Amino acid sequence: MNDFRYSYGLKRHILIIDDEEINREILGNMLKNDYEISFADNGAMAYEMLKDHSLKISLILLDLLMPVMDGFEFLEKIKDDESLNAVPVIVMTSEKPAEVRSIKLGADDFIAKPYDSPEVILARCERIIQLYEDKSIITSTEKDHLTGLYTLEFFNEYIRQIDSLDIGKSYDALVLNIEHFHMVNEMFGRKAGDDVLKMLSDLLSDTFKDSFSIGCRPAADYFYFYLDHNDGYDKIVNSVQERLAGFSHIPKIHLRAGVYFDADKSLTPDCRFDHAKFACDRIRGDYSSQVSVYSKESYDADLYHEHLINDIDDAIANKDLTVFYQPKYFIQSDKPVLKSAEALIRWKHPEFGMISPGEFIPLFESNGLIQKLDHYVWEETAKQIKTWKERFGYSVPVSVNVSRIDIYDPELESRLTGLLKEYDLKPSELMLEITESAYSDDAKGLTDVVERLRKIGFKIEMDDFGSGYSSLNMITTLPIDALKMDMKFIRNMNRDEKSLKLVELVLEIAGFLEVPTIAEGVEDADQIEALKKMGCDIVQGYYFSKPVPPNDFEEFIKKELNKH
Ligand code: C2E
Ligand code: MG
Ligand code: MG
């Protein structure tokens, strides 16, 4: 026999139940080379032996006429018993009417008395055992042991069958998950965790019992349901959660769900549920939402973000990410003088083309990857400053943007001073821009870091000033070297009085702090003129130039040198 279950010399165990010793002996002798054999004199004794469960019985050979408990009563008893009814029974009889009665009671086969040749009996035993073992393998993979829901493989198969019977009905794909389920396991033990899963599965099956639904537990604490279209999942999930809280002694179980309405049947079942799971996982950790609906737009946006996250290393290695430079000019002289520049990252993606920092900076800020990007920009910038110094004998200080997360990096100082050393720069040549909102988040923590950086000699520019919520009190104590006014004031200053007044106010604050002001986003001559009149020191914007690659920036340096 090729079946792995019959290799390794594993012998199945047969229980022979017969009150006549001679019958027990004949059968025992026929089977003993191939099977382990146990005997019982009557049904009651056999039942006791089976209830003990220490014997793993693969087949019962049952006589019908016995004292104490006969074969019929025994059959009835074990077929009623969930822990025993999976053991096959062959009845040994010589009467036709008894055959009919025992088959009704659940017997699987017959051996006629007097006995046939040993080969026939052996073959019958073997066939029934194998049949039962195959059947149990099928049922064991069809259903999840714990919850009784389908396993993923069968679930998908059933969906395919439903598809093939398509009667134009629409179905929803629903995914449910328990928030922080691992905590239930860790705090209350695995058994309690299992109980919660079982309870939840029962509640869900009960909730959906009045309409079409099939459920599956693909893994751990995820539940999938493919079901008739429904509009009230918020209510349903909430009520299941409440009922669960009523049953379970474990407090605060939070359910979240993702639903893919009218799931597209041209997609594979896996794909339909990937969509619903995506919606479900989008609200992970968000205790204010319970049900999230799949939409193609948010799916595509997430996929796109995922792309960008995956591509960042390649982008750095392949130089798809490069640093552009935008000049800043001092305007309080007769003619504007090139004062410094700002380093701004640019991404030319091989697939998506030019991507704006407005798209990927917030993304990388939210997942911490911004640090990798900033470190790259700082190093490229330091290298560039040195190159220009060597090529032109002229130093253009360049400011780099420092993100919130960089500020709390314990290695920030050593990283920056390391760059100065490596590229032989003075700290005043590599300036640092920190956005105002970072100051308002944690003024004290940030001030400490900034003070240490200034002690080394770095110049700190407060970026986007006016966009955050700094209090006047805080501003007056801030350690900074320049204020960069938020662009929106400049954009509107020649159009509305209020913005103009705000620009004046920022300039006054800067005067009070005795630091220069930089106006960003300056696009036309009117703005320059007005700013100059009001005493603004430095201007950055399209009026002078957009951010440009290093080669193009060299033209500004050359022009500046020609003036001297
Ligand atoms: P930011 O630091 O305030 O940079 C100024 C932004 O204004 C830049 O946008 C610049 O191209 C744009 N800009 C300059 N002049 C004008 C103008 O006259 N008109 C208009 N409409 N826009 C002008 P960009 O390069 O798209 O960068 C956007 C933001 O992304 C930056 O704002 C900065 O917060 C962030 N960013 C850029 N590069 C980096 C970087 O390397 N690291 C970090 N952490 N953030 C960066
Ligand atoms: Mg900036
Ligand atoms: Mg800015």
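Position 1 is the first residue of the sequence; numbering continues from there. Counting starts at 1 for both ligands and their atoms, following the listed order. The shown structure was predicted, so the numbers you read here are calculated from the model rather than taken from an experiment.
Proximity of Arg346 to ligand 1, defined as any heavy-atom pair under 4.0 Å, is confined to the side chain (atoms from C-beta onward). At a heavy-atom distance under 4.0 Å, no atom of Val323 approaches ligand 1. Contact annotation for Lys546 and ligand 1: no heavy atom of the residue comes within less than 4.0 Å of the ligand. Of the heavy atoms in Val402, none comes closer than 4.0 Å to ligand 1. When heavy-atom distances to ligand 1 are checked against a 4.0 Å cut-off, Lys484 has no atom that comes that close, whether in backbone or side chain.
Ligand-side atoms of ligand 1 in range of Asp464: 3 (O), range being under 4.0 angstrom from any heavy atom. For ligand 1, the atoms closer than 4.0 angstrom to any heavy atom of Ile370 are 44 (N). Listed by atom number, the atoms of ligand 1 under 4.0 Å from Asp374 heavy atoms are 40 (C), 41 (O), 42 (N), 43 (C), 44 (N).
Comparing Phe544, Phe324, Tyr542 by heavy-atom distance to atom 13 (N) of ligand 1, the nearest is Tyr542. Remark: among candidates Pro357, Gly521, Gly358, Ser467, the nearest residue to atom 24 (P) of ligand 1 is Pro357, based on non-hydrogen atoms. The residue from Met487, Glu520, Gln527 that puts a heavy atom closest to atom 7 (O) of ligand 1 is Met487.
Judged by a 6.0 Å distance limit and a 45° cone about the ring axis, Lys559 is not positioned over the six-membered ring of Phe556.
Residues Tyr294 and Tyr299 bring their aromatic ring centres within 6.0 Å.
Vertex the Mg ion (ligand 2), arms ending at OE1 of Glu433 and OD1 of Asn401: the angle is 100° after rounding to 10 degrees.
Between Ile236 and the choices Thr207, Val291, Leu176, Asp231, the side chain to side chain contact (heavy atoms under 4.5 Å, CB included) rule is met once, by Thr207. Evaluated for a side-chain hydrogen bond (donor to acceptor under 3.5 Å, both in side chains) with His349, the options Asp320, Asp311, Asp314 yield exactly one hit, Asp311.
Taking any N or O of Ile345, backbone or side chain, at least one lies under 3.5 Å from an N or O belonging to ligand 1. Taking distance alone, with nitrogen or oxygen atoms compared against 3.5 Å, Ser356 stays at or beyond that limit from ligand 1.
Distances from the Mg ion (ligand 2) to each N, O or S atom of Glu342 single out OE2 as the nearest. Within Asp463, OD2 is the N, O or S atom that lies nearest to the Mg ion (ligand 2).
At a cut-off of 3.5 Å, with distance as the only test, no side-chain donor of Arg272 or Tyr171 sits close to an acceptor on the other residue. Defined by atom type and a distance below 3.5 Å, a donor-acceptor pair is missing between the side-chain atoms of Tyr233 and Gln290. Side-chain polar atoms of Ser395 and Lys426 form no donor-acceptor pair below 3.5 angstrom.
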